[in-house]
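Letters A, B, ... are given to chains in the order of the sequence lines, protein chains preceding strands, and every chain is numbered from 1.
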Amino acid sequence: MTKTTALFINNHPYANFDRGGTHILPSSEIGIHMVARQRVHGGVSGFADHPLDHVALCDADEEDRWREICEWTLRNHPISRVIAVHERAVLLAAEMRSKFGLAGMDLETATRFRDKVRMKETVRSAGAAAVPDFAALDSVEDLERVDWSTGRKVIKSRWGLAAKDLYIVESLEEARRIVGGLDLSGSHYEVEEFVRGQIYHCDSVVLDGRIVFRSVGKYLADPASYSPGSIFGTVLVGEGELHRRITALNAEVLAALGIQDGTTHLELFHTEADELVFCEVAGRPPGGTIPPVIQAQYGFNIVETQIRIDAGLDISLGSAPEPVDGGGTSGFIAFYPGSGDAQGIDADRLAALGVVEHITHSGAGNGRGGVRHSTDFLDSYVVRAPDDEALLHRIARVKDEYRR
Amino acid sequence: MVGPQRDTQPASERLVVIDASVRTARSAHTLGCHTVFVQRPGAPVHELVDDFSGYYNVDFTGETFEGFVLEVLRPLAPTAVVSLSDDGVLPAALANSLLGTPGTQADVLRRLTAGAVSGEADGTGEWSAYTFSEAGAHRWVALLDEGTQPTLLEHVVPERRLTSGEYDAVEAALTGFLDAAGLENGPARIRLRSRDGEVRVLGAAPTAGTDEEAELVRRLTGFDLVRASLGRALEIADDATSPARAQEGATR
């Protein structure tokens, strides 16, 4: 039987696909043509250990160059699948599938998962979830039509990721000032009501339109509040009423947006009034350290799952829906660059703190003491514990020892 | 004049190198321009690129290469396309022809590789001459005995290696051969035989020889054929886009 060949549009460092000595690209099962970023962004980091025969390296900021090599590759090689796991690659992958009639998420569906205006319009019109008031922001005049009597608003990129290009404003005047520095051409921005509440995420695996795995987590900080020296993290939420409500909302939203196969990462607010309000959802696996947390809890890698689904290969969900080892819970705490003289944690202390994985990111930060985005971690620690209380306690100890 | 000392080259220039060896790639990285490598499938990308290199695995000898040049390379607006490998020089010429970038044309390369007189090579009295041409002026850089590993300057520098009479005869043969082929710029490796005062060209390639040969020549003569060849590709591109030349147009 002829081996399947796939185009892999990859914005991650190549070394990211080596997880603890396991290479999660199915290069022994399928042929892979990879289009990736230049070496400075890790496009071929660790390549010698897992070489591929077909590689293209492009400037990360020149999307047309990516499009040209992708189209040429698809026209000149017998490729039947397109793989993408990074938010920046998902839309181009879908565009290629639609253009070449290939299986997988098409452009229309991917756009609903990327354009935050189209996304919320779809969710709202389907009645899938409560949605904050929002509007496309294509001109300064659009700000005049916003109801400022309700207070704080969020201006953000319709196509952004990792909480980049996001501004919180208190008034029309402040909004005008912010917008004055933005290029509003091309329908790139939206304005929406600021929602106060705890932010949760729900991560899913969908096959044939059916959710076959879902996991709920509670962020330890607002993803948009990243700053030098601050922390981020998540703790998984066990079965219960809130878990049930969140997964129900997740199911409604995914059905409304029409995903057939793939992984998703949804974020929502739980308000003080006990309302669940939709924030946004991506048609890709969660980023940052959430995949290692899911792996610690359920024994499968959700990034690998997305790759295998895109490649048309069978998937295994480990112990899901039950946790590995019959119980317990998991989470992570991550530290942004800029923690002053923080020394980190000695390796021989990790087991005592319940840390099952420590991930260091040598390229974290913008080189000038700043943080680039919500997953721009310097160090992150995946923590396991017998129950929720113990998990929070262990995470607090990790935080203390890291900064000691 | 060696010429290609381009350490201050503005990075807006983009040099496409087809079928680069690791040594060629490293040399290209010293020129101060953006580099793009076009390599056969399976090439060691991680050993070839620098932080900002572009890179493509393509069968540049196949039928799809022309489309690749037009659809993928042309939008990159390369300054020059060059190759120093036997298999890459004709694809580079094709790319230059399609892109309108200056470089040795394919018919010159074909004359160079096909223009040698026939004659069986028996290994005795046979040499490889290494030349470098700039604007039609040919510099004879080195002479190596076939199948030997010289270690001394006297073994490779033509003036020291040959008697005055031999030198004149070989130089005349080389110049005549290169002029007849029409090579104006770039390297050539020419196999020749001198016997009974008669010099015959046995074969030629528009390259700097193998990496080992080029390195040997560089070490013993100080002339870096690889770097000179890459730098020359950029220089003639600069010349072609100077105001005086621009009026002539580049409509190929």
Using non-hydrogen atoms only, which part of A:Glu71 is less than 4.5 Å away from chain B: side chain, backbone, both, or neither?
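Nothing of A:Glu71, per the 4.5 Å heavy-atom cut-off to chain B.
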Tell me, side chain or backbone of A:Arg37 under 4.5 Å from chain B's heavy atoms, or both, or neither?
neither
Got a sec: does the [atom1] of [X] have more than 12 other heavy atoms crowding it under 6.0 Å?
{"X": "B:Glu47", "atom1": "CD", "value": "yes"}
{"X": "A:Arg67", "atom1": "CZ", "value": "yes"}
{"X": "B:Arg74", "atom1": "CZ", "value": "no"}

Treating A:Asp53 as the side-chain partner and B:Pro41 as the backbone partner, does any N or O pair qualify as donor plus acceptor under 3.5 Å?
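No; judged by distance alone, with no hydrogens or angles, the pair does not exist.
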Measure the CD-CG distance between A:Glu68 and B:Leu73 for me, rounded to the nearest 0.5 Å.
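Answer rounded to 0.5 Å: 10.0 Å.
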Structural part of B:Val36 lying under 4.5 Å from a heavy atom of chain A:
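Neither; nothing under 4.5 Å.
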Under 4.5 Å from a heavy atom of chain A, the part of B:Ser53 involved:
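Looking at B:Ser53, just its backbone touches chain A.
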A side-chain contact here means heavy atoms from C-beta on lying under 4.5 Å apart; do B:Asp50 and A:Arg39 qualify?
yes
For B:Phe68 and A:Ile69, what are the C-alpha separation, side-chain angles and deciding distance, and is it a side-chain contact (heavy atoms from CB on, under 4.5 Å)?
CA-CA 8 Å; B:Phe68 172 80; A:Ile69 185 60; 4.0 Å; yes
In terms of relative ring orientation, are B:His46 and A:Phe47 parallel, tilted or perpendicular, with 30° and 60° separating the classes?
tilted
Can you name the closest pair of heavy atoms from B:Gly67 and A:Trp72 and give their distance?
C-NE1, 3.6 Å
So which heavy atom on B:Phe52 is nearest to which on A:Gln38, and how close?
O-NE2, 2.9 Å
Picking from A:Val55, A:Val44, A:Thr73, which has the most non-hydrogen pairs under 4.5 angstrom with chain B?
A:Val55
I need the residue from B:Thr64, B:Val72, B:Asp51 with the largest number of non-hydrogen atom pairs under 4.5 Å to chain A.
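Heavy-atom pair counts peak at B:Asp51.
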